[in-house]
Student: 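One structure coming up, written as structure tokens, with questions to follow.
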Amino acid sequence: MFSKKNVQYEALSLPDRFDFSEQEMLSRTKAFLDNMQKRHSVRQFDTKPVVEEVIQNAIKAAGSAPSGANHQPWHFVAISNPEMKKKIRLAAEEEEKAFYAGGGGDEWLKALEPIGTDESKPHLEDAPWLIVIFSQRFGIYDDGSKFKNYYVPESVGIATGMLITALHQAGLSMLTHTPNPMRFLNGLCDRPDHEKPTMILTVGHPSTDAVVPAVAKLKKPFSEIATVFN
Ligand SMILES: Cc1cc2nc3c(=O)[nH]c(=O)nc-3n(C[C@H](O)[C@H](O)[C@H](O)COP(=O)(O)O)c2cc1C
């Protein structure tokens, strides 16, 4: 898509515009807030399938995210293949064994205690989809030459947030899972070395006995997360 021919500035009229009343904005933001507060990281998944187009639509929504210089420094690998999911589970559990045996360090392991996680990751096989998110340190023009990407973690973080939001809007549950380290994902997902795996998003329906850690429901109040100057 990126061609050196494509780098001149050209102004287009704003293609989309919304004009909600104050009342509509209030009710829309309130409805959105209520829905977002029903998102929970889930670690126990049902094996019920999810149709691929839902996953594709959510990835397209993520791909519409803002990014530094519009370089879109991300790649999403969506996996429903059972053999690949099994390989990812086995490799992730191998890394996590070392992490939970002390590799993570005392402070980090202590911070994870109230979340109740351990090295066992059955969700990586039970859930119908894994989406592995890669960030790209540089891009490649269609002639094969490289260009630098800017604000890569910020851009990929925003796109990932939009992906999570799109999947949540579809009524699906997720886990943002970050086995440490994650380099094994390049080989398993057939991605080049200059791409950095940032996360596995496990996606599907929660199992009937799914639970959440009580501490995950404690969110900081508005007064702590925001400052307003009028
Ligand atoms: C960058 C990131 C990495 C995370 N890594 C893991 C992980 O490896 N394993 C896990 O069980 N949860 C992981 N989580 C989920 C958090 O534990 C969870 O978001 C937090 O406890 C708050 O719960 P909530 O998502 O239900 O609000 C991660 C979350 C983020 C944002």
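Order of listing sets the numbers, starting from 1, for every ligand and every atom in it.
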Student: Please answer whether the main-chain N or O of Leu124 pairs with a side-chain N or O of Lys86 as donor and acceptor at a distance below 3.5 Å.
Tutor: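 No: the side chain of Lys86 does not pair with the backbone of Leu124.
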Student: Using 30° and 60° as the class boundaries, would you call the ring planes of Phe147 and Tyr141 parallel, tilted or perpendicular?
Tutor: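 Rings of Phe147 and Tyr141: tilted, 30 to 60°.
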Student: Which class fits the ring pair His71 and Tyr150: parallel under 30°, tilted 30 to 60°, perpendicular over 60°?
Tutor: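 Aromatic pair His71/Tyr150 classed tilted.
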Student: Can you check ring pair (Phe, Tyr, Trp, His ring centres under 6.0 Å) on His205 and Phe45, steps first, answer last?
Tutor: CA-CA 6 Å; His205 297 278; Phe45 283 83; 9.2 Å; no
Student: Salt bridge or not between Arg28 and Glu24? Use side-chain N to carboxylate O under 4.0 Å.
Tutor: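 Salt bridge flag = no for Glu24 with Arg28.
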Student: For the residue pair Glu93 and Ser120, establish whether any side-chain heavy-atom pair is separated by less than 4.5 Å.
Tutor: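 In contact.
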Student: Can you work out which protein residues put a heavy atom within less than 4.0 Å of ligand 1?
Tutor: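 Correct list: Arg39, His40, Ser41, Arg43, Ile115, Thr117, Leu175, Thr176, His177, Thr178, Met199, Ala216, Lys219.
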